[in-house]
Trainee: 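Can you keep this structure in mind? I'll have questions shortly.
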Amino acid sequence: MTIKLLPSVMPVISAGYLGPSLTPNEDAAWEEARLPFNPDALVQKMMGQPMRRAGRFIKLVCLGALACLNRIPPEELKEKKVGIFLATGLGNIDEILPFITQVFKHEGGFPSPNQFANSVSNAAAFFVARVCKIKGVVLTISQEELSFESALWLAQSYLESGELDLALVGGCDVFTPSVEDYRERMNLISGQYRVAPMGEGSSWLLVGGSEEKKLGDILSVGITDRVEQNGQTLSDVWLKRCEDLAARILPSGEDHGINRLFLPGFRLFDLDEASWKKRGWDIEDYLPQCGISSTASAFGLARAFLTKKSALVVHGNHHASGRQALVAAVTK
């Protein structure tokens with residue numbers, strides 16, 4: 001993979017993550033067998049009122065976005081051109097399936113207005129815009145488990161062109177019973193992913209703007225087709241990429257005091273942690289906090305920006321097709 005640094009860094013002004021436990025910006029115990037939890041109490045707490053005509057996916061999208069935006073003063077967004085980039089692998093499937101079933105499997109019929117509204121692909125992103133009073137570009141990006149990386153790349157192009165001052169970039173996928181159906185929809189084949197429970201999450205980054213009061217910077221977003229291993233283990237291939245990237249980001253003599261942290265996506269397994277440790281890298285498995293979902297990378301990165309200090313953070317994702325994605329960031 002040829003790793004390209006971004007034309008200009010993307011400052012990360014705020015971050016927020018919401019995992020299966022539905023405790024914003026906190027790690028908390030949860031169990032796959034108990035999912036999905038009802039978010040209505042959290043909606044009432046964070047918004048002060050219920051959300052009408054909104055399904056569970058839309059509620060989690062909005063709650064995750066607020067977990068990010070509530071960390072900064074409201075005036076930070078005033079008179080700013082702000083875009084919303086929502087990444088999702090499976091989307092609002094709990095509302096889409098009943099809609100499709102009603103229309104196509106039961107002699108047509110008329111779905112309810114709520115079913116129709118919740119099935120529209122960009123509905124959740126528009127709810128975020130309304131709840132957060134944002135007027136700007138509103139897009140939903142779906143590239144399976146590379147959705148969040150694709151959304152980051154797209155947001156950077158808007159920022160670089162000057163079309164936006166800030167970009168709110170998030171990833172949300174929700175638990176879809178049953179566990180077996182959920183795994184099948186994500187094409188999880190035994191022995192080809194890390195053992196972890198299925199999960200969900202809604203995690204967001206606010207990027208762009210000035211260099212002041214930032215949590216860190218996103219330095220590179222790379223997505224590529226299948227890369228040949230040439231006899232190397234997958235662990236060695238990823239270690240070399242991270243080493244090459246670190247050499248470009250942290251020139252010799254400037255990396256003192258900077259920790260190196262690799263966050264592996266759920267399809268990366270059997271990593272030789274001893275080899276990574278020898279080269280100064282720590283590997284952190286964040287999946288116990290959020291479980292497997294298409295946009296788990298958003299959770300891992302948002303959590304890193306809030307919990308890791310003075311670190312080079314690299315997230316690696318490996319799609320079932322062989323496509324790979326790498327995001328590098330530096331936290332303050």
Trainee: Please check if the side chain of K81 supplies one atom and the backbone of G162 the other of a donor-acceptor pair under 3.5 Å.
Mentor: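 Yes, because the side chain of K81 sits within donor-acceptor range (under 3.5 Å) of the backbone of G162.
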Trainee: Check the hydrophobic clustering (I, L, V, M, F, W, Y; side-chain heavy atoms under 4.5 Å; chains of links allowed) and say if L86 and L139 are grouped together.
Mentor: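 Yes, it is one cluster - the side chains of L86 and L139 are joined through contacts under 4.5 Å.
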Trainee: Can you see which heavy atom on G16 is nearest to which on C68, and at what distance?
Mentor: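 Minimum heavy-atom separation between G16 and C68: N-CB, 3.7 Å.
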Trainee: Donor-acceptor check, side chain of D27 to backbone of Q289, threshold 3.5 angstrom: yes or no?
Mentor: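 No, D27 side chain to Q289 backbone: no donor-acceptor pair under 3.5 Å.
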Trainee: L268, I189: one ILVMFWY side-chain cluster at the under-4.5 Å cut-off?
Mentor: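 Cluster IDs for L268 and I189 differ.
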Trainee: How long is the gap from OG1 on T307 to CD on E284, to the nearest 0.5 Å?
Mentor: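 The distance works out to 6.5 Å.
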Trainee: Would L261 and N259 satisfy side-chain contact (heavy atoms from CB on, under 4.5 Å), going step by step from the backbone distance to the final call?
Mentor: CA-CA 6 Å; L261 182 66; N259 299 314; 5.9 Å; no
Trainee: Whether the side chain of R194 engages the backbone of G265 through a donor-acceptor N/O pair (distance < 3.5 Å, no angle test) should be reported.
Mentor: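 At least one qualifying donor-acceptor pair exists.
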Trainee: Where do A54 and K59 come nearest, in terms of heavy atoms and distance?
Mentor: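 Taking A54 first and K59 second, the nearest heavy atoms are O-CE, 3.3 Å.
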Trainee: In plain terms, say whether K240 and D236 are close enough for a salt bridge, that is, a side-chain N and a carboxylate O under 4.0 Å apart.
Mentor: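 Salt bridge: no.
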Trainee: Please determine whether a side-chain nitrogen of the Lys or Arg among E32 and R183 lies less than 4.0 Å from a carboxylate oxygen of the Asp or Glu.
Mentor: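 Between R183 and E32 there is a salt bridge, with a charged N closer than 4.0 Å to a carboxylate O.
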Trainee: Taking a hydrophobic cluster as the set of Ile, Leu, Val, Met, Phe, Trp and Tyr residues connected by side-chain heavy atoms closer than 4.5 Å, whether directly or through intermediates, do W276 and V237 fall within one such cluster?
Mentor: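 As far as the 4.5 Å side-chain criterion goes, V237 and W276 are not connected within one cluster.
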Trainee: Answer yes or no: is there a side-chain heavy-atom contact under 4.5 Å between L35 and M198?
Mentor: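 L35 vs M198: side chains apart.
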Trainee: Does a sphere of radius 6.0 Å around CZ in R279 hold more than 12 heavy atoms from other residues, nucleotides or ligands, not counting ones at 6.0 Å or beyond?
Mentor: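 Open.
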Trainee: What is the minimum heavy-atom distance between P177 and R185, and which atoms define it?
Mentor: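 Closest heavy-atom pair between P177 and R185: O-NH1, 4.5 Å.
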Trainee: Let's go through L312 and W281 carefully: what are the C-alpha distance in whole Å and the side-chain angles of both, what is the deciding distance for side-chain contact (heavy atoms from CB on, under 4.5 Å) to 0.1 Å, and is it a yes or a no?
Mentor: CA-CA 10 Å; L312 169 61; W281 289 87; 3.9 Å; yes
Trainee: Going by heavy atoms in the side chains, are D272 and T233 under 4.5 Å from each other?
Mentor: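 Side chain of D272 against side chain of T233, heavy atoms only: no contact under 4.5 Å found.
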Trainee: Please answer whether the main-chain N or O of P288 pairs with a side-chain N or O of W30 as donor and acceptor at a distance below 3.5 Å.
Mentor: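 Such a contact is found between W30 side chain and P288 backbone.
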Trainee: Report yes if the side chains of F305 and I218 come closer than 4.5 Å at any heavy-atom pair, otherwise no.
Mentor: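 Yes - at least one pair of side-chain heavy atoms lies under 4.5 Å apart.
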Trainee: Please check this pair: side chain of N122 against backbone of T140, looking for a donor-acceptor N/O pair closer than 3.5 Å.
Mentor: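 Looks like yes, one N/O pair under 3.5 Å.
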Trainee: Is a side-chain donor or acceptor of N317 paired with a backbone partner of E145 at a separation under 3.5 angstrom?
Mentor: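 Yes, because the side chain of N317 sits within donor-acceptor range (under 3.5 Å) of the backbone of E145.
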Trainee: Check R56 with E200, please: is the shortest side-chain N to carboxylate O separation under 4.0 Å?
Mentor: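 Yes, E200 and R56 are salt-bridged.
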Trainee: Kindly compute the distance separating NZ (K80) from CG (L164), expressed to the nearest 0.5 Å.
Mentor: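 So the gap between those two atoms works out to 12.5 Å.
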Trainee: Less than 6.0 angstrom from the centroid, inside 45 degrees of the normal: does R130 satisfy that with respect to the ring of F127?
Mentor: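 Yes, cation above the ring, under 6.0 Å and within 45°.
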Trainee: Stepwise, does the side-chain contact (heavy atoms from CB on, under 4.5 Å) test hold for V327 with S297?
Mentor: CA-CA 9 Å; V327 178; S297 57; over 6 Å; no
Trainee: Which heavy atom of G208 sits nearest a heavy atom of L159, and at what distance?
Mentor: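 Residues G208 and L159, closest heavy atoms: CA-CD1, 4.1 Å.
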Trainee: Kindly indicate whether the side chain of L301, heavy atoms from C-beta on, has any atom under 4.5 Å from the side chain of Y17.
Mentor: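 No - every pair of side-chain heavy atoms lies 4.5 Å or more apart.
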Trainee: Is it true that E243 and R260 make a salt bridge, defined as a side-chain N closer than 4.0 Å to a carboxylate O?
Mentor: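 Answer for the salt bridge query: yes.
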Trainee: CD of Q232: more than 12 outside heavy atoms within 6.0 angstrom?
Mentor: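 Enclosed: over 12 neighbouring heavy atoms sit under 6.0 Å from CD of Q232.
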Trainee: Report yes if some heavy atom in the side chain of L326 is under 4.5 Å from a heavy atom in the side chain of Q324; otherwise report no.
Mentor: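 No, every pair of side-chain atoms sits at 4.5 Å or beyond.
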Trainee: With a 4.0 Å cut-off, would you call R323 and E149 a salt bridge?
Mentor: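 So R323 does not pair with E149 through a salt bridge.
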Trainee: Taking T88 for the side chain and D173 for the main chain, is one N or O donor matched with an acceptor at less than 3.5 Å?
Mentor: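 No: the side chain of T88 does not pair with the backbone of D173.
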Trainee: Is D181 reaching over with its side chain to a backbone N or O of T176, donor-acceptor style, under 3.5 angstrom?
Mentor: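 Answer holds: no.
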Trainee: Rounded to the nearest 0.5 Å, what separation is found between the CG atom of L271 and the CG atom of D285?
Mentor: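 Those atoms lie 9.5 Å apart.
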Trainee: Please answer whether the main-chain N or O of G171 pairs with a side-chain N or O of S203 as donor and acceptor at a distance below 3.5 Å.
Mentor: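 Answer holds: no.
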Trainee: Could you grab the distance from atom CG of L42 to atom CG of L22, nearest 0.5 Å is fine?
Mentor: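 Atom-to-atom, L42:CG and L22:CG are 6.5 Å apart.
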Trainee: Answer yes or no: is there a side-chain heavy-atom contact under 4.5 Å between E144 and S321?
Mentor: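 The answer is no; the side chains never approach within 4.5 Å.
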Trainee: Out of the candidates L306, T331, L206, L205, only one should pair with L215 under the side chain to side chain contact (heavy atoms under 4.5 Å, CB included) rule; please name it.
Mentor: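 Filter result, single survivor: L306.
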Trainee: Return the minimal non-hydrogen interatomic distance between L263 and G300, and the atom names on each side.
Mentor: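 Scanning both residues, the minimum pair turns out to be CD1-O, 3.5 Å.
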Trainee: Between D217 and L219 (side chain of the first, backbone of the second, donor and acceptor by atom type, cut-off under 3.5 Å), is there such a pair?
Mentor: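 The answer is no, because no donor-acceptor pair under 3.5 Å joins these two groups.
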Trainee: Take the angle between the ring planes of F262 and W238 and call it parallel below 30°, perpendicular above 60°, tilted in between.
Mentor: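 Tilted.
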Trainee: Enter the distance from F85:CZ to S150:OG here, rounded to the nearest 0.5 Å.
Mentor: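 Separation between the atoms: 12.5 Å.
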Trainee: Side chains of L63 and P24, heavy atoms from C-beta outward: is any pair under 4.5 Å?
Mentor: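 In short, these two side chains do not touch, never coming nearer than 4.5 Å.
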Trainee: Please check if V137 and L77 belong to a single hydrophobic cluster, counting links between Ile, Leu, Val, Met, Phe, Trp and Tyr side chain heavy atoms closer than 4.5 Å.
Mentor: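 Shared cluster, yes.
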Trainee: Report the distance from atom SG of C172 to atom CH2 of W204, rounding to the nearest 0.5 Å.
Mentor: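 Those atoms lie 8.0 Å apart.
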Trainee: Considering only heavy atoms from C-beta outward, does the side chain of L60 approach that of F175 to under 4.5 Å?
Mentor: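 Not in contact.
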Trainee: Verify the cluster assignment for V9 and V330: are they in a single hydrophobic cluster under the rule of side-chain heavy atoms below 4.5 Å apart?
Mentor: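 Hydrophobic grouping puts V9 with V330.
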Trainee: For a quick test of reading the model, state the closest non-hydrogen atom pair linking S14 to I72 and the distance between them.
Mentor: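 That closest heavy-atom pairing would be CB-CG2, 3.6 Å.
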Trainee: Once the angle between the rings of Y286 and H315 is folded into 0 to 90°, is it parallel (under 30°), tilted (30 to 60°) or perpendicular (over 60°)?
Mentor: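 If you compare the ring of Y286 with that of H315, the planes turn out tilted.
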Trainee: Might you work through the side-chain contact (heavy atoms from CB on, under 4.5 Å) test for L152 and M10, ending with a clear yes or no?
Mentor: CA-CA 10 Å; L152 275 178; M10 282 197 293; 4.3 Å; yes
Trainee: So, do Y193 and F266 have ring centers that fall under 6.0 Å from each other?
Mentor: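 Ring centres of F266 and Y193 not closer than 6.0 Å.
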